[in-house]
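The structure appears right after this line, and notes come after that.
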Amino acid sequence: MENGETQCAEYVARVELMKRTIIDCNAEKDSIVQNREKAASDMQQSSQRVEKITTELKSIEEKLRDAGEEKRRSKQEERMNEAISTMQRIYRGVYGRLADLCRPIQKKYSLAVTVAAGKHMDAIVVENKQVA
């Protein structure tokens, strides 16, 4: 009988130990699930930030490209203006670039003038063929 009581006490102790182990494991599982959910949330936020930063980067790259192109155009236009002013000093009858001479009064006509002149918009206007 004493042997049965000892075994029963051991089983009760083992059951209590298992219950505590189950409670600890459930608490650890809950903690892991919360950490996983937090990590998923952080990953989603990071993904959104990366997308936003990528969009900003593309915008900045486009602005830089446009600025570089504008700088190149302005240098080219500056050289063209210098060449025209030199020609005007050397030769009589040089009036200037067609684009500078044919500026419409109203902006709504600027596209029509540009289309009409086409590739000759940068042509230099002179008085006659001898000057050319």
task = Using a cut-off of 6.0 Å, state whether more than 12 heavy atoms not belonging to Q7 lie near its atom CD.
result = yes
remark   = Separation between CE (M43) and CZ (R36), nearest 0.5 Å, reads 11.5 Å
request  = Output the distance between atom CD (E16) and atom OG1 (T21), rounded to the nearest 0.5 Å.
outcome  = 11.0 Å
inquiry  = Quick one: does any side-chain atom of S31 pair with a main-chain N or O of A27 as donor and acceptor, under 3.5 Å?
reply    = no
inquiry  = Are V33 and I23 connected into the same hydrophobic cluster when the rule is that any two of I, L, V, M, F, W, Y join if their side-chain heavy atoms are below 4.5 Å apart?
reply    = no
inquiry  = Under 4.0 Å between a side-chain nitrogen and a carboxylate oxygen: does that hold for E10 and R14?
reply    = no
Cluster check V15, V12: I/L/V/M/F/W/Y, side chain < 4.5 angstrom = no
inquiry  = Applying salt bridge (charged side-chain N to carboxylate O under 4.0 Å, His left out), can you list everything that pairs with D42, at least two apart in sequence or on another chain?
reply    = K38
ask   = Can you tell me how far CG of D30 sits from SG of C25, rounded to the nearest 0.5 angstrom?
value = 11.0 Å
query = Looking at OG of S46 and CD of Q48, how far apart are the two atoms once the value is rounded to the nearest 0.5 Å?
reply = 9.5 Å
key: Evaluation steps, salt bridge (charged side-chain N to carboxylate O under 4.0 Å, His left out), between E69 and R73   = CA-CA 6 Å; E69 188 174 316; R73 275 192 207 145; 2.3 Å; yes
Exam field: side chain T55 to backbone E51, donor-acceptor pair closer than 3.5 Å = yes
message = Do S41 and E37 have side chains that approach each other closer than 4.5 Å (heavy atoms only, starting at C-beta)?
response = no
Reported CZ-to-CD distance for the pair R49 and E56, which is rounded to 0.5 angstrom = 10.5 Å
key: Point-to-point distance, once rounded to the nearest 0.5 Å, from CG of L57 to NZ of K52   = 14.0 Å
inquiry  = Is it true that, when you exclude E28 itself, more than 12 heavy atoms of the residues, nucleotides or ligands shown sit nearer than 6.0 Å to its CD?
reply    = no
